[in-house]
Chemist: 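Got a structure here, written out as structure tokens. Questions coming.
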Amino acid sequence: MRYELMLPHQLRRAIAEGWPAILPVGVLEYHGEHLALGMDTLAVVKAAELLEKEADLVLLPPFYYGAASYAVEKPEMNGSLHVDAERLVPFARDLFRALLRVGFRNLHFFIHHQTENFAFGMPTDLAFRLAARQAVFELVETQRGEGWWGDAKMADYYAKNASGDDPFGWIKGHPLLDQEAMRTYPFDHAGQGETSLMMALCPEAVDMGRFSAAAWYARSAEKASPELGAEGRELILGHMRRVLGLATAPR
Ligand SMILES: [Zn+2]
């Protein structure tokens with residue numbers, strides 16, 4: 001269900017039953033002349049919308065205003081919007097605090113921007129990851145007091161940790177394309193991979209009539225196709241179902 005459309009009784013049921021809640025996180029960034037500025041975020045939103053139709057989950061409104069960086073193009077007349085990670089941390093911490101207070105304990109943010117080395121991190125995902133950890137530490141310390149982790153009640157921490165069933169599992173961050181998907185699907189910026197994905201997930205965000213091969217990173221978009229995009233979409237949905245613990249039944 002979409003969070004903004006939920007009635008309180010629906011929200012209470014979702015929380016009581018531990019439904020996963022998805023927060024799409026992304027940026028607005030120049031993606032060549034043929035792709036929409038919202039590509040990175042739209043990819044997450046559109047995939048999450050497909051999952052929302054098939055499974056019991058909560059889809060939160062997306063956050064578009066991440067740290068795009070101006071590494072690809074200067075922003076003037078090109079459209080990239082960059083908000084520094086230092087500003088994202090307090091915002092994201094407040095947002096996670098609020099979501100935890102509502103009662104969510106199965107929160108997942110997904111991001112596609114600059115995620116080719118997700119284990120090392122990039123400013124937007126690092127900001128949201130740090131904020132998530134801070135919000136969890138704060139809530140647990142407020143509820144259980146200092147020394148909560150060393151308390152005898154926590155003796156099963158490492159066992160629970162292995163199953164992801166500990167406080168630090170309440171909020172998890174994931175790349176849209178995981179390492180496994182990247183082995184078979186091209187990861188790029190505005191190239192064949194991203195353009196194909198948009199053709200399959202959000203055709204109104206692509207206009208190949210505007211394609212220009214001037215930028216090296218966009219050149220491979222010439223080989224983009226909705227068929228390849230559909231393969232990427234299925235890899236993404238499979239990965240999302242796995243990390244969200246959803247049934248893997250095909251649509
Ligand atoms: Zn992109």
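All ligand and atom numbering here is 1-based and tracks the order in the structure.
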Chemist: Could you please tell me which protein N, O or S atoms lie under 2.8 Å from the Zn ion (ligand 1)?
Modeler: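 N, O, S partners closer than 2.8 Å: H31 NE2, D40 OD1, E194 OE1, E194 OE2.
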Chemist: Which of these passes side chain to side chain contact (heavy atoms under 4.5 Å, CB included) with F118: L176, L177, D125?
Modeler: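 Output: one option passes, namely D125.
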Chemist: For residues 95-112, which residue pairs qualify under salt bridge (charged side-chain N to carboxylate O under 4.0 Å, His left out), counting only residues two or more places apart or in two chains?
Modeler: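 Every salt bridge (charged side-chain N to carboxylate O under 4.0 Å, His left out) pair that includes a residue of residues 95-112, provided the two are not neighbours, is D94-R97, R97-E138.
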Chemist: Kindly state each residue pair satisfying salt bridge (charged side-chain N to carboxylate O under 4.0 Å, His left out) with at least one member in residues 174-200, sequence neighbours excluded.
Modeler: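 Counting only pairs at least two positions apart or across chains, the salt bridge (charged side-chain N to carboxylate O under 4.0 Å, His left out) contacts touching residues 174-200 are D178-R242.
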Chemist: My understanding is that only residues two or more places apart in sequence, or in another chain, count here; which of them pass ring pair (Phe, Tyr, Trp, His ring centres under 6.0 Å) with H34?
Modeler: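 So H34 forms a ring pair (Phe, Tyr, Trp, His ring centres under 6.0 Å) with F211.
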Chemist: Are any non-hydrogen side-chain atoms of W19 and F104 less than 4.5 angstrom apart?
Modeler: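 A side-chain contact under 4.5 Å is absent here.
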Chemist: Pick from F168, W149, W170, F96: which one makes a ring-ring contact (aromatic ring centres under 6.0 Å, His included) with F137?
Modeler: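 So the option named by the test is F168.
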